[in-house]
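Worksheet: the structure to be examined is printed underneath.
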Amino acid sequence: MGEHERPVVAYLGPEASYTHQAALSTFPNKETTTLSPRTTIADVFSAVQNRSAHRGVVPFENSSNGSVVFTLDLIANLHGMHPDVLVCGEAYVAVKHCLLGHAAGIPSTQKEGEVRIDPQFTNPLAIPKSDLSRVKKLYSHPQAWGQCKAFLATYLKGVPRHDVDSTSRAAEIVAADKTGESAALSSLAAADVFGLDVLAESINDRKGNTTRFLVIRHASSPPLPSPSLSLPTPNPPTPWKSLITFTLNHTAPGSLAQCLSAFSSHGLSLTSINTRPSGVENWHYVFFVECGGRKEDGEGEGDVNRALGELGGVARTWRWLGSWESRL
Ligand SMILES: O=C(O)C(=O)Cc1ccccc1
């Protein structure tokens with residue numbers, strides 16, 4: 001990127017994805033930033049790794065459905081393609097999924113209380129606005145199915161589901177299928193952008209359904225962008241978070257407990273812990289830990305550096321993957 005070019009922020013597109021909403025809320029200034037859609041989460045990581053983008057925005061975890069495993073694997077660099085990508089921010093977006101498609105012009109005759117609810121699930125919060133009997137194919141990002149279980153089990157039981165790269169890509173595919181047999185789990189914004197009808201609104205199981213997104217940078221790019229590029233720092237300043245991965249010495253009893261106590265012995269509280277298969281040996285894992293606090297620049301400075309020093313003595317391998325201001 002040339003010195004005077006506008007910084008590019010790559011996000012999981014196309015336009016009207018939830019990740020686009022997260023990118024817009026983090027980088028609201030159109031004059032100073034160019035938002036650039038990418039096809040897959042891996043493409044966003046590659047754009048940051050090869051420095052064709054200054055920042056990237058990717059989905060990380062959902063309040064009702066848990067982690068986005070694609071992102072965990074990429075951030076841990078399990079495939080060796082993104083060794084220099086670090087986290088430098090987060091954003092939370094309220095996710096209200098809609099069923100988008102081509103309305104047949106027949107209003108739904110279904111009334112609340114009339115449908116047979118699958119006893120395995122809670123009652124769906126939404127009822128369809130249109131007749132869904134001609135929907136034969138569903139498209140969405142794999143994260144979305146698990147957030148809309150009750151609606152799907154009640155109104156679209158057995159309809160085949162197709163995983164695609166994002167919820168807005170799902171809307172784009174459905175817009176191209178003029179038979180009217182396809183529908184997408186996607187956002188209200190995507191209905192507008194792709195000219196689709198809203199067949200049902202707010203079909204997620206839980207009212208407060210929220211997704212957390214990460215902002216990523218190249219290790220050589222300064223962690224704090226110029227103030228014109230993103231949101232101003234709140235006053236008083238918010239707390240920081242750090243992300244660390246580590247692997248264990250499997251033969252040493254108590255190895256995991258020792259790794260975790262590296263954080264508590266320096267007064268750092270852990271806010272989340274995740275694991276993914278290491279990809280090296282069966283039943284060996286990469287642990288992802290988020291703790292409060294910020295890694296200071298000087299080695300040995302601050303609690304996070306001191307905890308990492310102790311972790312280095314007990315873990316098989318470890319990596320610090322970034323510190324950023326909490327947006328919670
Ligand atoms: O950003 C999107 O649209 C995605 O496809 C990822 C996603 C999926 C489900 C909820 C939030 C984000």
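Side chains included, hydrogens not; waters and symmetry mates left out as well; all remaining heavy atoms used. Note that ligands are numbered from 1 as they come in the structure, with each ligand's atoms numbered from 1 the same way.
Asp165 and Thr40 are not linked by any side-chain donor-acceptor pair at a separation below 3.5 angstrom, with hydrogens and angles left out of the test.
From the protein, the heavy atom lying nearest to atom 11 (C) of ligand 1 is Thr211 OG1, 3.4 Å. Protein heavy atom in closest approach to atom 6 (C) of ligand 1: Pro59 CG, 3.9 Å.
Between Thr19 and ligand 1, an N or O atom pair is found at a separation short of 3.5 Å. Between Thr167 and ligand 1, at least one N/O pair is under 3.5 Å apart. An N or O contact shorter than 3.5 Å is missing between Asn62 and ligand 1 by distance.
In this structure, Glu290 pairs ionically with Arg212, as a charged nitrogen and a carboxylate oxygen lie closer than 4.0 Å. Salt bridge present: Glu201 and Lys129 bring a charged side-chain N and a carboxylate O closer than 4.0 Å.
The minimum heavy-atom distance between Leu196 and Ala175, with the atom names listed, is CD2-CA, 3.8 Å. Here the closest non-hydrogen pair linking Ala307 and His266 is CA-CD2, 3.6 Å.
Within ligand 1, the atoms closer than 4.0 Å to a non-hydrogen atom of Ser166 are 5 (O), numbered from 1 in the order shown.
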